[in-house]
There are 2 protein chains.
Amino acid sequence: MALSHAILVTLLDRPHSGYEISKRFDKTVGFFWRARKQQIYSELHKLAEDGLISAEIIEQIERPNRIVYSITADGRKALDHWVREPTPYPSVKEELLVKLFSLGDVETAVLVDQVGQRLAEHRERLAYFHALMKTHYPKPATLTGRKLGHYLGLRCGVLNEESGIAWCTEALGLLETRRRPAAR
Amino acid sequence: MALSHAILVTLLDRPHSGYEISKRFDKTVGFFWRARKQQIYSELHKLAEDGLISAEIIEQIERPNRIVYSITADGRKALDHWVREPTPYPSVKEELLVKLFSLGDVETAVLVDQVGQRLAEHRERLAYFHALMKTHYPKPATLTGRKLGHYLGLRCGVLNEESGIAWCTEALGLLETRRRPAAR
DNA sequence: CTGCTCATGTAATCGGTTACATGATTGT
DNA sequence: ACAATCATGTAACCGATTACATGAGCAG
């Protein structure tokens with residue numbers, strides 16, 4: 001019961017088609033709320049049924065027709081209500097840490113590889129976030145409204161990746177010393 | 001397809017009943033892999049059916065009987081195989097950041113409250129993690145095997161909470177200046 | 001007498017993923 | 001020729017949550 005809200009929030013900006021929302025989720029919102037296109041389409045149907053969004057079919061020549069959705073007054077009300085509700089602590093599902101619990105029964109080298117792989121992913125994401133920062137938010141102190149919200153999301157991403165990099169580095173250090181117990 | 005692995009990893013340590021696993025998930029593993037007891041019980045049935053764990057009924061007087069599960073050789077093989085597979089980047093579901101996207105359409109004070117609440121949660125968790133650190137892992141440099149894995153999990157928790165606190169503090173700072181645009 | 005701990009489950013539902021389907025246009 | 005982009009969906013399945021069920025013993 002929350003992808004619907006991610007969609008409503010996106011529609012605050014301007015009306016979108018399902019396809020556009022799906023594309024947008026691959027960038028901005030998608031970094032802290034991933035969704036498949038199928039789920040977006042089905043969620044849009046539900047939201048339209050509940051009257052939280054309205055649909056308008058845009059006929060196109062030599063292109064499939066688009067269905068553009070806008071948030072309704074009811075949708076805004078529902079969103080406002082949701083924002084005021086207590087926010088659950090994000091449900092964590094960290095496979096990598098579960099894997100580390102098998103240390104001692106699985107070859108350490110395998111775990112070292114896994115952590116190394118994660119480190120590379122963190123670095124890649126961080127670089128991407130930094131690039132977005134530079135092009136979109138050069139002066140964060142001047143931001144207001146929705147733009148500030150987007151900036152804070154990105155900033156959270158940056159801090160999380162940095163923290164992830166710090167952890168991976170530390171973990172690799174400890175694991176390496178275990179791999180060669182008495183090197184020399 | 002991963003709660004099963006969290007259970008298998010737990011059984012590496014020693015045999016557990018469903019109830020014990022459920023309790024244990026509330027502490028250690030549960031910080032990066034939460035699961036309801038119902039799900040644990042049904043997962044245990046599946047694992048036993050697949051022969052990855054074996055069940056033994058312990059009859060108890062004046063207490064409900066316990067079913068204690070142990071990991072089998074097949075279970076160890078399956079676990080080893082899973083650990084070697086590429087680890088997907090954790091699926092993020094951060095409602096708080098989605099809520100921040102509504103900045104400009106929802107009262108800023110509401111968002112300030114939400115971030116403040118999250119900050120308190122981060123601090124609480126960090127304090128708990130620090131306490132666990134002190135009592136269980138006073139000398140991390142000497143840890144080996146499974147113990148090291150557990151330590152690294154906790155360490156990841158500490159870093160994440162610290163990063164969360166840093167973000168909340170920054171966010172509150174930026175939000176506060178917006179709330180009173182020209183204080184003075 | 002209220003609520004907690006021990007101990008295991010069923011049933012319904014919801015949210016999310018994977019696979020499958022269609023079909024024209026544009027770029028390499 | 002082949003892949004990618006635009007554009008929308010259905011169906012099957014899996015994983016997770018919520019509600020409901022049972023029942024004894026013990027502490028406040």
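Only a predicted model underlies this, so the values are computations on that prediction, with no experimental measurement involved. Lettering follows sequence order; numbering is per chain, from 1.
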Kindly state whether the ring of [X] and the ring of [Y] have centres lying under 6.0 angstrom apart.
{"X": "B:Phe101", "Y": "A:Phe32", "result": "yes"}
{"X": "A:Tyr69", "Y": "A:His16", "result": "no"}
{"X": "B:Phe31", "Y": "B:Phe129", "result": "yes"}

Whole angstrom value for the distance that separates [atom2] of [N] from [atom1] of [X]:
{"X": "B:Arg24", "N": "C:dC6", "atom1": "CZ", "atom2": "P", "result": "16 Å"}
{"X": "A:Ile40", "N": "D:dT10", "atom1": "CD1", "atom2": "C1'", "result": "17 Å"}
{"X": "B:His16", "N": "C:dA7", "atom1": "NE2", "atom2": "P", "result": "13 Å"}
{"X": "A:Phe25", "N": "C:dG15", "atom1": "CZ", "atom2": "P", "result": "15 Å"}
{"X": "A:Gln39", "N": "D:dA11", "atom1": "CD", "atom2": "P", "result": "18 Å"}
{"X": "B:Glu20", "N": "C:dC6", "atom1": "CD", "atom2": "P", "result": "10 Å"}
{"X": "A:Lys37", "N": "D:dA11", "atom1": "NZ", "atom2": "C1'", "result": "13 Å"}
{"X": "A:Arg36", "N": "C:dC14", "atom1": "CZ", "atom2": "P", "result": "22 Å"}

task: Have a look at A:Tyr89 and tell me which of B:Arg125, B:Gln117, B:Glu121 forms a side-chain hydrogen bond (donor to acceptor under 3.5 Å, both in side chains) with it.
output: B:Arg125
[N] phosphate, OP1 or OP2, under 4.0 Å from [X] side-chain N/O:
{"X": "B:Tyr41", "N": "C:dG9", "answer": "no"}
{"X": "B:Tyr19", "N": "C:dT8", "answer": "no"}
{"X": "B:Lys93", "N": "C:dG16", "answer": "yes"}
{"X": "B:Arg66", "N": "C:dT8", "answer": "no"}

Residue mapping more 5' on DNA chain D - nearest nucleotide basis, B:Lys46 or B:Gln38: B:Lys46
query: Taking the side chain of B:Ile67 as heavy atoms from C-beta outward, which of C:dG9, C:dC6, D:dA16 is closest to it?
result: C:dG9
B:His45 or B:Ser91, whichever maps to the more 5' nucleotide of DNA chain C: B:His45
- request: Answer yes or no on whether A:Arg66 is positioned over the face of A:Tyr19, meaning its NZ or CZ is under 6.0 Å from the six-membered ring centre and within 45° of the axis.
  value: no
